[in-house]
Every structure is written in C-alpha cells, then in structure tokens.
Amino acid sequence: MADIVQAAKLLGDARRVVVFTGAGISAESGVPTFRDALTGLWERFDAQSLATPQAFQDQPDLVWGWYEWRRHRVSTVSPNPGHRAVAAIESRVPSTVVITQNVDDLHERAGSRDPVHLHGSLFAPRCSGCGEAVALPPATAEPDAGRRVQPPACVRCHGLVRPGVVWFGEALPEAALEAAARAASACDVLLTVGTSGMVYPAAEIPRIAARAGAAVIQVNPHATPMDSVALVNLRGSAGRILPELVTKAWPDAATADPAAAPS
Ligand code: BV8
Ligand code: ZN
C-alpha cells in the first residue's frame with residue numbers, strides 16, 4: 001500500500017492526533033529554516049551561536065537586530081497550504097494538539113487554535129532583568145540585513161528587553177513541555193513535519209509517542225534521525241504532502257474545504 005494511503009488511513013481512523021512541527025513547515029512561506037545559512041551581517045554566524053544568552057550579553061544589538069529582522073520577515077509572509085492543512089486536521093479531529101518548535105505565528109494565522117510553542121515566540125518580548133512583558137510596535141520597516149539594533153530598555157527596571165524565545169542552554173517553558181509530553185504519550189497518531197529532530201528536549205516528543213504505541217508519520221523531503229522512529233516516512237514538502245494527506249484521510253470532507261484540496 002502506497003505510504004501516503006497507509007498514512008491517510010492511520011490519520012482518518014485516529015481519535016487523538018498530535019502534529020509536531022519544525023522550521024520546514026514555514027520554509028514554503030519564505031521563512032528560512034535553521035539549517036539555511038544566515039545572510040547579511042549575520043552570515044559569519046550560525047543560528048545556534050546567535051540564539052544564546054551569551055551572544056545577547058556580548059552583542060545585544062547584533063542579536064536584537066537579528067530577531068527584529070526575523071519578526072519583520074514573518075510579518076511580511078503568509079501561512080502556506082501546509083499550515084492550513086494542519087488547521088484542517090484540527091477541524092476534523094477536535095482533540096488534535098499542535099506542538100511547534102517554531103517561533104513564528106503562522107500556525108495561528110492559518111487557523112490553528114492554540115499551538116504549543118516549545119521554544120517561545122517572536123511576538124512575546126520581555127525584560128531580561130525583571131521579566132516584565134513588553135509590547136513592541138509592529139515590525140514595519142525591515143532592519144536591513146546589516147544593521148545592529150539596540151534593544152529597548154524596560155520601563156520598570158531599565159533592563160534590556162529580550163526576545164521571548166528559548167535560547168540554547170535555557171530551559172523550555174515547563175507548562176508547554178509538560179503539555180507536549182502529555183499529548184504525545186496519549187495520542188494514537190503523531191505527525192512530525194519539517195523538523196531535523198536534532199534539538200532536545202523537543203526531539204524527544206515523537207519518541208515519547210512511539211514508545212506509547214502511537215503511529216508516527218514523518219513528512220520531510222530529506223532523511224532525518226526521525227526516520228527510524230516513524231512508521232511511515234513521506235518524502236516531500238509539507239505544502240504539497242499535507243493537503244494531499246488530509247484529502248485522502250477524509251475524502252468526503254475534501255470538497256467542503258478548498259484550503260485542504262491540493263492546489
Ligand atoms: C536546554 C528558539 C538545559 C530560538 C530554538 C541532549 C542531547 C544533545 C544536546 C542537548 C541535549 N539536551 C540539551 C541539549 C542542548 C541543546 C541541543 O539540543 N543542542 C543540539 C543542537 C545538539 N538544547 C538546548 O539547549 C535546550 N535547552 O537543554 O536547557 C536546561 C535545562 C534546565 C535548566 C536550564 C537549562 C533549548 C533548545 C531550544 C533552542 N531554541 N529556537 C530561535 O528560534 O531563535 S531551537 C531552533 O532550532 C528551532 O526552534 C528548532 O527547534 C531548531 C531547528 O530545528 P528544526 O525546526 O528541525 O529546523 P532545521 O532547520 O534544523 O531543519 C528543517 C527541516 O525541515 C530539515 O529536516 C529539512 O529537510 C526540512 N524541510 C525543509 N523544507 C521543507 C522541510 N520539511 C517539509 N517541507 C518543506 N518545505
Ligand atoms: Zn525590567
């Protein structure tokens with residue numbers, strides 16, 4: 001049985017679904033993945049070294065400039081058919097839990113109810129001193145890919161405002177990690193989409209599901225360490241495969257939702 005037909009059967013029969021996503025699901029929207037080399041001022045750096053408390057301490061304007069550039073980029077792009085298919089799965093299996101490593105808001109803008117952000121968000125800055133949440137004006141102008149931007153100061157303690165993301169070496173938000181582990185250990189199908197599965201503890205989530213007896217389905221154009229965890233590996237892009245999977249899993253509902261129909 002073709003892999004996608006087997007995957008669609010598993011998904012169509014599922015009562016509890018988890019969709020676990022990484023940078024790959026936003027690639028077709030024009031958001032660079034972590035694997036993609038950085039450009040401009042940051043081309044000398046790799047994302048992993050910039051996304052650290054040390055980098056922010058040493059060069060706050062360089063790191064803040066990078067996150068403002070990313071915030072602007074995300075605000076100028078739109079969700080793609082992959083994001084919309086995830087929202088379509090939620091509408092057909094209301095118990096679906098979406099867990100993402102992404103700090104963009106494309107799942108929400110595609111209609112996903114309440115995705116669990118394991119690594120925070122570009123849209124939740126806070127004070128690095130007292131933790132006070134900070135409201136930022138929309139990132140209208142693109143800080144050209146060569147500009148350092150001084151982080152704003154906290155009105156309460158004058159500490160530096162930092163992005164509301166989880167940096168390497170920092171703990172994940174406990175509630176999010178617990179919710180993700182709980183959903184993974186209780187699901188019967190986990191879809192892992194567009195992640196290289198290299199960053200922990202997030203990469204543990206599909207393994208928790210597999211150990212609990214769930215069927216893991218991977219969508220990725222390339223092989224990853226998840227290949228051995230997945231029951232079905234679907235090689236290809238999220239924007240192409242996920243809409244097809246939804247149509248095959250719920251053929252009767254396909255017509256009702258143009259967003260799910262393969263373009
Ligand atoms: C911590 C937010 C401790 C910031 C991010 C165990 C073993 C080894 C190492 C560790 C370990 N435990 C902890 C570590 C250290 C570290 C880690 O995992 N290092 C790795 C690199 C070896 N983990 C940490 O530091 C974590 N914290 O451990 O704290 C602690 C505990 C208690 C108290 C104090 C401290 C924190 C990790 C989180 C870091 N923050 N993001 C920001 O975004 O700027 S991680 C960031 O990178 C993303 O969020 C994501 O998680 C990761 C990138 O991975 P992917 O999303 O998978 O993207 P990638 O580019 O890699 O791959 C894209 C994939 O998509 C590819 O496979 C490609 O083929 C595919 N693709 C491309 N196009 C498409 C596609 N797929 C489908 N369709 C397409 N069109
Ligand atoms: Zn403060």
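Since the structure is predicted, the reported quantities are computational estimates derived from the model, not experimental observations. As the structure lists them, so they are numbered: ligands from 1, and atoms in each ligand from 1. Reckoned from all heavy atoms, side chains included, excluding hydrogens, waters and symmetry mates.
Of the listed options G239, A203, G22, G194, G194 places a heavy atom closest to atom 63 (C) of ligand 1. Proximity annotation for atom 45 (S) of ligand 1: of Q218, R235, H119, H119 comes nearest, heavy atoms only. In this comparison of P163, G24, G164, the heavy atom closest to atom 71 (N) of ligand 1 sits on G24. Relative to atom 47 (O) of ligand 1, the option among Y200, W66, F34 with the closest non-hydrogen atom is F34. Nearest-residue assignment for atom 1 (C) of ligand 1 (options R240, E170, M198; heavy-atom criterion): E170.
The Zn ion (ligand 2) has an N, O or S atom of C127 inside 2.8 Å of it.
Scanning the protein for heavy atoms near atom 40 (N) of ligand 1, the closest one is V166 O, 2.7 Å. The protein heavy-atom contact nearest to atom 52 (C) of ligand 1 is V199 CG2, 3.6 Å. If you check which protein heavy atom lies closest to atom 35 (C) of ligand 1, you get G169 O, 3.2 Å. Protein heavy atom in closest approach to atom 59 (P) of ligand 1: R35 NE, 3.3 Å.
Donor-acceptor pairing under 3.5 Å is lacking for the side chains of S196 and T224. No donor-acceptor contact under 3.5 angstrom links the side chains of H83 and S112, judged on distance only. Using modelled atom types and a 3.5 Å distance limit, the side chains of D61 and Q150 yield no donor-acceptor pair.
For the pair R70 and W66, the cation sits on the ring face: its NZ or CZ lies under 6.0 Å from the ring centre, inside 45° of the axis.
Contacts of E28 with ligand 1, taken as heavy-atom pairs under 4.0 Å, involve the side chain alone. The part of A27 lying near ligand 1 is the side chain, judged by heavy-atom distances below 4.0 Å. Of all the heavy atoms of Q48, the ones lying under 4.0 Å from any atom of ligand 1 belong exclusively to the side chain.
Proximity to H222 (heavy-atom distance under 4.0 Å) selects the following atoms of ligand 1: 69 (O). Those atoms of ligand 1 with a heavy atom of R70 less than 4.0 angstrom away are 42 (C), 43 (O), 44 (O).
Remark: atom 9 (C) of ligand 1 lies closer than 4.0 Å to no protein heavy atom. Using a 4.0 Å threshold on non-hydrogen atoms, atom 33 (C) of ligand 1 counts as touching the protein.
At a 3.5 angstrom cut-off on N or O pairs, G236 does not count as close to ligand 1.
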